[in-house]
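Everything on this sheet refers to the single structure shown next.
Quick note: numbers below take in every heavy atom, side chains included, and nothing from hydrogens, waters or symmetry partners. All chains are named by letter (A, B, ...) in the order of the sequence lines, taking the proteins before the strands, and each is independently numbered beginning at 1.
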Amino acid sequence: MSVLVYTESENGKFRKNALEVASYGSEVARLLGSSATALSINNENPSQLGDYGIASVLEVTDEALDPFNANAYAQLVADAAAQAGAKVVILSSSADAKFMAGLLAGKLKAGYVPNVVGLPESTSPLVVRRTAFSNKGFANTKILTDIKIIGLSKNAFGVVENKVEAKVEAFSASLDSSLFSTASVEVDKVVGKATIADADIVVSGGRGLKGPENWGMIEELADVLGAATACSKPVSDLGWRPHSEHVGQTGKPVASNLYIAIGISGAIQHLAGVNAAKTKVVINIDPEAPFFKAADYGIVGDAFEVVPELIEKLKEFKAQNA
Amino acid sequence: MKILVCISNVPDTTSKINFTDDNSRFDTSGVQFVINPNDEFGLTRAMWFKEKGGATVHVATVGEATTEPTIRKALAIGADEAIRVDAEPTDGFFVATQLAEVVKQGGYDLVICGRESIDYNGGMVPGIMASLLGMNFVNTCIGLEADGDQATAVREIDGGKETLRTTLPLIIAGQKRLVEESDLKIPNMRGIMMARQKKLNVVPPVEASPASEDLRFEKPAPKGAVTLVDATQVGELVRLLHSEAKVI
Ligand SMILES: Cc1cc2nc3c(=O)[nH]c(=O)nc-3n(C[C@H](O)[C@H](O)[C@H](O)COP(=O)(O)OP(=O)(O)OC[C@H]3O[C@@H](n4cnc5c(N)ncnc54)[C@H](O)[C@@H]3O)c2cc1C
Ligand SMILES: Nc1ncnc2c1ncn2[C@@H]1O[C@H](COP(=O)(O)O)[C@@H](O)[C@H]1O
């Protein structure tokens, strides 16, 4: 059962999730006693995937494929899977990958399991472990179809170096113009700032911060840590912060290595969306705040005193470890 | 314009999650079921098309008779008619196949789903449907305008948003921001009374097999106690994050 890994690039470079799915895919292939092929689209240096155990890369260069187009990409992945004879297709959990996943599953008549948190529990039959019920449970799911699609949760496997020589082969699929019937008109994206989807660290503020004018220290803390900023639902509902920063069950999911919640009570719907973060820190003035039950580290204290102090200490730490 | 809103019947967000039958099934006892929050945004957007442009709005669910209160709620909010495909929603592929059949039979111009069901978090039904039906599709949709058969949709992407041009027939998967939260429709007394008169068509499922099967569920391991750091010792937190958690 050979494996196809779909790797994502942005501005010609691999996104971190691409390196993670490559690492994961080559290990899954090893477990299956097979090899992994990666599909790379508009990347400057596809052979880099060899550093993560990928021995074979199908390289596509096509201006029509920039920006991302879910239908066309799904067709390309399906064609690449056929070319590689792949029975297992691996995707990340990015917005683009999740957009494509259902379309691809339909095309390949494949069972798709999203939010997978580790290597398969068994390979024959293929059983994977995934989160369900918004991180309030796990499921072991068996994929019943001939072709199987795995959607890997962010940070579930990590980026693992395993150097092999990658053979890069040009690949092109015949992309009918009808595949582009839904087309991008405008992409509006923050540049030069960590995003909740990609960041290793997320710093998040809640209603305890009293008002939008107090976000300066949150941004400074995020800046020192190279983190993305996020917020609780009421904070975005009140218009203190943009909606795109809202995290939780009905907002963006967080699966970073570190999540720092400041002035956030830890309501069940908030936790459901951030529980996948590896290490959680809470700073809250109320020792009874439910977030203390979900966190790894906590400080009971006033954010307006603790956060500036934390920024100072982190700057000192960085200066010493630079 | 004829709109279908696909509604999944899910446990309320505050539900405690437990499993039963040797951890092979979700335990529904004591659980309050609601319209999937992502679908609520879509239903409200559909009502807007109805009020502004005279669209007809149907709602569909794949589920057993126990899902009817949730469908009635959608009718009370203002949908004109409901369809229940009488089957257990075993997996995303099965559900998508059933709903695709409903779309074929009903000839809808616009199908509104949600980004994901908050129970099984599949996030796949609308995409699979689009693929089976060859319809245009926009995921994580946070804005939708339609004029004749031309549509403009906005979707959320990692780190921002993207505007897309497309045409009907179209399937979208909506989420928060598709409509303002304050505009979300809730049933009023008149709506509830009227809903009783509306048609709820129960149809048998078409032949389809699931593509995956949940064998066993498990709750997350209980969390260890939080390590508290004194508010006057903030440097200690930095040390712990570096040398213990190894995250900075
Ligand atoms: C269907 C549904 C879906 C929802 N989805 C989400 C979701 O996706 N994401 C989400 O976040 N919420 C969601 N919610 C809302 C959720 O229930 C809570 O209302 C919300 O998370 C509370 O936000 P908060 O913690 O910022 O505010 P509060 O609950 O008001 O908490 C503020 C906290 O700040 C602390 N505080 C006050 N002053 C200070 C200070 N000086 N220093 C330090 N701490 C201080 C307080 O002790 C308190 O714990 C949802 C609700 C529903 C019903
Ligand atoms: N059983 C169902 N009946 C009707 N619609 C459903 C059902 N399951 C999922 N959907 C629709 O598909 C969307 C995504 O669901 P899912 O793929 O299950 O995460 C939901 O928001 C609904 O709009």
Using a 3.5 Å distance criterion without hydrogens, assess whether the side chain of B:Asn121 forms a donor-acceptor pair with backbone atoms of A:Phe133.
yes

Taking the six-membered ring for Trp, are the ring centroids of B:Phe93 and A:Tyr112 within less than 6.0 Å of each other?
no

Side chains of B:Thr13 and A:Gln249: donor-acceptor distance under 3.5 Å anywhere?
no

Considering all heavy atoms, the nearest A:Leu103-B:Ala130 contact
CD2-CB, 3.9 Å

Test item: A:Ser134 side-chain N/O and B:Ile118 main-chain N/O as donor-acceptor pair under 3.5 Å
yes

Do you know which of A:Leu314, A:Ile299, A:Val306 makes side chain to side chain contact (heavy atoms under 4.5 Å, CB included) with B:Leu237?
A:Ile299

For A:Ala70, is it the side chain, the backbone, both or neither that has a heavy atom under 4.5 Å from a heavy atom of chain B?
neither

So how far is it from B:Ser131 OG to A:Gln75 CD, rounded to the nearest 0.5 Å?
9.5 Å

Which one, A:Glu305, A:Lys252, A:Lys193, leads in non-hydrogen pairs under 4.5 Å with chain B?
A:Lys252

Rounded distance (nearest 0.5 Å) linking atom CG of B:Asp214 with atom CZ of A:Arg130
4.5 Å

Chain B contact via A:Ile268 - side chain, backbone, both or neither, heavy atoms under 4.5 Å
side chain

A:Thr182-B:Asn136 side chain donor-acceptor pair, cut-off 3.5 Å
yes

Please say which of B:Glu181, B:Lys176, B:Arg177 ends up in a side chain to side chain donor-acceptor pair (under 3.5 Å) with A:His243.
B:Lys176

Ion pair A:Asp296/B:Lys223, N-O distance below 4.0 Å
yes

